[in-house]
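In each ligand, atom 1 is the first atom listed, and ligand 1 is the first ligand listed.
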Amino acid sequence: METSAKKTVIANWKMNPQTWAEAEQILDFVNDYLESRNEKEFSLVFCPPFVFLEEVGKILKTSHFEHEASLGAQDIFWEDSGADTGEVSGPMLSKLGVQYVIVGHSERRWKLGESDDVVNKKLKAVLRNEMIPVVCVGERVRDDSFKEVLKEQVEKTFAGLSHDELERCIIAYEPVWAISTNPNARPDTPESAIESIKIIRDFLTFNFQLSTFNFLYGGSVTSKNVADFIRQKEIDGVLVGGASVNKEEFVKILSLIK
Ligand code: 13P
């Protein structure tokens with residue numbers, strides 16, 4: 001979506017915060033900030049853990065969040081119903097007012113062993129249930145093979161989608177080697193992120209004749225680096241992890257989205 005003026009900011013709370021009281025504090029703080037800012041050059045999505053979804057959804061319908069922020073989930077199961085212990089289905093999420101669903105997050109891919117095939121099935125479940133998939137892709141290491149790794153991951157992740165379905169996806173490029181929870185994390189640069197985004201874009205353009213994209217950057221975004229990434233025309237927004245549950249830091253990030 002290179003032509004869209006509004007940037008997208010997705011707060012991926014991961015398995016945080018520990019209590020609802022803390023979650024409410026974050027939302028109150030962001031709400032106060034939104035009240036103080038007249039022009040919002042971003043659309044906001046909160047992706048809390050499943051246990052907080054319903055309550056966050058209620059808060060987002062009130063006050064300054066109304067029409068400003070949407071509800072997102074961090075995961076989905078690929079079947080719509082069935083005996084699947086521990087899983088949450090697309091219809092369940094959709095009934096709660098969830099509009100966005102993250103699939104293929106690197107923590108699920110690498111810590112929980114989610115394959116491209118599983119991510120592909122989850123992606124299709126999001127589309128089938130008429131929500132917007134936030135599809136995470138990214139190489140684990142930046143070595144000589146990263147371009148091939150990225151292309152293979154993208155090919156398998158988006159396999160079988162139609163052009164129109166692909167157009168509904170938000171693609172979050174997450175270089176796993178830059179994510180803060182990685183003990184060997186090192187900072188990414190806008191140049192390197194754009195190199196990867198172009199590889200993904202060219203691949204999808206060639207294979208799906210896609211010309212409209214919506215790319216988020218998700219490699220450890222903080223108030224220190226957000227301005228550098230967001231000003232790139234190839235980057236339509238950011239997927240913020242750890243910094244999105246630190247209320248002061250998150251508001252600082254929002255203040256830098258121009
Ligand atoms: P951090 O922002 O915590 O480094 O994580 C990035 C990420 O995983 C976004 O979903």
Is [Y] paired with [X] through a side-chain N to carboxylate O contact shorter than 4.0 Å?
| X | Y | answer |
| --- | --- | --- |
| Lys7 | Asp236 | no |
| Arg108 | Glu114 | yes |
| Asp80 | Arg128 | yes |
| Glu165 | Arg168 | no |

Starting from [atom], which protein heavy atom do you reach first, and at what distance in Å?
| atom | result |
| --- | --- |
| atom 5 (O) of ligand 1 | Lys14 NZ, 2.9 Å |
| atom 2 (O) of ligand 1 | Gly241 N, 3.1 Å |
| atom 1 (P) of ligand 1 | Ser180 OG, 3.5 Å |
| atom 10 (O) of ligand 1 | His105 NE2, 2.8 Å |

Near [X], which atoms of ligand 1 are under 4.0 Å from a heavy atom of that residue?
| X | answer |
| --- | --- |
| Gly242 | 1 (P), 2 (O), 3 (O) |
| Ser220 | 1 (P), 2 (O), 4 (O), 6 (C) |
| Glu174 | 7 (C), 8 (O), 9 (C), 10 (O) |
| Gly218 | 6 (C), 7 (C), 9 (C) |

ask   = Which residue pairs satisfy the ring-ring contact (aromatic ring centres under 6.0 Å, His included) criterion with at least one member in residues 168-187, sequence neighbours excluded?
value =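 Pairs touching residues 168-187 that pass the test: none.
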task = Please confirm whether Ala243 comes within less than 3.5 Å of ligand 1 when only nitrogen or oxygen atoms on both sides are compared.
result =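 Among all N and O atoms of Ala243, none is under 3.5 Å from an N or O of ligand 1.
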request  = Using a 4.0 Å heavy-atom threshold (strictly under), name the region of Asn12 that reaches ligand 1: side chain, backbone, both or neither.
outcome  =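 The side chain, only.
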Side-chain donor or acceptor of Gln74 paired with backbone N/O of Cys47 under 3.5 Å =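 Yes: the side chain of Gln74 pairs with the backbone of Cys47.
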query = Is there side-chain contact between Glu107 and Lys14, with at least one heavy-atom pair below 4.5 Å?
reply =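 Heavy-atom side-chain distance check passes, below 4.5 Å.
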